[in-house]
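Before any comments, here is the structure.
No hydrogens, no waters, no symmetry mates; every other heavy atom, side chains included, goes into these values.
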Amino acid sequence: MAELEDVKDVQTEEGVVEVAGAEVTGTEGAGAEAAGAPTIEPLMDDIDFDTFSKSDMRVCKVLDCVAVKKSKKLLRFTLDDGSGTERTILSGIHMYYEPDELVGKTVVAIVNIPPRKMMGIDSCGMLLSAVWEVAGEERLSLLMVDDAIPAGAKLY
């Protein structure tokens with residue numbers, strides 16, 4: 001994950017954007033994209049509040065994280081979601097993080113998604129991450145929050 005000193009302000013036609021870990025030069029106007037300005041997906045259509053409120057987002061503590069055997073992308077997280085039962089979530093973020101650097105972190109997960117079997121393992125939720133591109137290369141940052149927030153805290 002990028003340290004604070006790796007964050008750059010990038011001037012684009014839309015305004016100033018902070019880019020973590022990007023090598024940025026010549027950042028004026030249309031040249032910003034070629035110089036490493038971020039590319040993000042367009043915003044989605046509006047949804048009503050009832051649809052949004054169906055997602056149960058919870059703070060979780062990473063108890064364990066290991067690479068899934070025979071997978072280049074998947075990490076298996078064992079999480080404390082505050083329920084008293086450990087939760088397993090698989091996430092395809094291994095190219096961005098090593099498992100040992102995530103143990104002890106505080107993350108955010110959607111916990112009311114039906115289990116989905118991947119590589120023979122049930123994944124019971126989804127971790128939230130930010131995704132963007134710089135110079136055609138995908139970047140990802142796992143959403144991590146203050147460690148003082150207890151496992152199980154609900155996000156609204």
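Hydrophobic clustering (side-chain heavy atoms under 4.5 Å, transitive across Ile, Leu, Val, Met, Phe, Trp, Tyr) keeps Met95 apart from Val66. In this structure, Leu128 is not a member of the same hydrophobic cluster as Tyr96, with clusters built from ILVMFWY side-chain heavy atoms closer than 4.5 Å.
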Show the atom names and distances, to 0.1 Å, of all donor-acceptor pairs under 3.5 Å that link a side chain in residues 113-121 to residues at least two apart or in another chain.
none

Side-chain donor-acceptor pairs of residues 42-51 under 3.5 Å, sequence neighbours excluded:
unit_1	atom_1	unit_2	atom_2	d
Asp48	OD1	Asp50	N	3.1
Asp48	OD1	Thr51	N	2.8
Asp48	OD1	Thr51	OG1	3.0

Assess whether side-chain contact (heavy atoms from CB on, under 4.5 Å) is satisfied between Val131 and Arg139, documenting all intermediate values.
CA-CA 6 Å; Val131 179; Arg139 306 284 176 96; over 6 Å; no
Mind running side-chain contact (heavy atoms from CB on, under 4.5 Å) on Val107 and Leu79 for me, showing each step along the way?
CA-CA 9 Å; Val107 298; Leu79 304 170; 4.3 Å; yes
Could you give me the CA-CA distance, side-chain angles and deciding distance for Ser129 and Leu140, then say whether side-chain contact (heavy atoms from CB on, under 4.5 Å) is met?
CA-CA 7 Å; Ser129 298; Leu140 180 140; 4.0 Å; yes
Evaluate side-chain contact (heavy atoms from CB on, under 4.5 Å) for Ile110 paired with Asp56, printing each intermediate quantity in order.
CA-CA 5 Å; Ile110 302 174; Asp56 189 2; 5.7 Å; no
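With a 6.0 Å cutoff to the six-membered ring centre and a 45° limit on the axis angle, Lys54 does not count as a cation-pi contact of Phe52.
Between the side chain of Ser123 and the main chain of Leu90, a donor-acceptor pair closer than 3.5 Å is present. Listed for the Ser71 side chain is a donor-acceptor partner under 3.5 Å among the backbone atoms of Lys73. Remark: side-chain polar atoms of Lys61 are paired, donor with acceptor, to backbone N or O of Asp147 under 3.5 angstrom. Between the side chain of Tyr97 and the main chain of Leu142, a donor-acceptor pair closer than 3.5 Å is present. Here the side chain of Glu101 pairs a donor or acceptor atom with the backbone of Glu98 at under 3.5 angstrom.
Remark: Asp81 engages Arg87 in a salt bridge (Lys or Arg N to Asp or Glu O under 4.0 Å) (not counting sequence neighbours). The side chain to side chain contact (heavy atoms under 4.5 Å, CB included) check on Val145 picks up Val59, Thr106, Val108, Ile149, with sequence neighbours excluded. In terms of the salt bridge (Lys or Arg N to Asp or Glu O under 4.0 Å) criterion, Lys69 has no residue partners (sequence neighbours excluded). Contacts of Asp64 classified as salt bridge (Lys or Arg N to Asp or Glu O under 4.0 Å), with partners at least two apart in sequence or in another chain: none.
A side chain to side chain contact (heavy atoms under 4.5 Å, CB included) with Phe77 is found for one member of Leu102, Thr88, Leu63 and no other, namely Leu102.
Looking only at side-chain heavy atoms (C-beta outward), Trp132 and Ser141 come within less than 4.5 Å of each other. By the 4.5 Å heavy-atom criterion applied to side chains, Pro99 and His94 are counted as neighbours.
Atom-to-atom distance recorded for Thr85:OG1 and Asp80:CG is 10.0 Å, nearest 0.5 angstrom. One distance of note links CE of Met57 with CG of Asn112; it measures 9.5 Å at 0.5 Å rounding. Rounding to the nearest 0.5 Å places CD1 of Ile89 at 4.5 Å from CG of Leu127.
Around NZ of Lys70, the count of heavy atoms belonging to other residues, nucleotides or ligands within 6.0 Å does not exceed 12.
Taking every heavy atom of both residues into account, Arg58 and Val111 meet most closely at CG-CG2, 3.7 Å.
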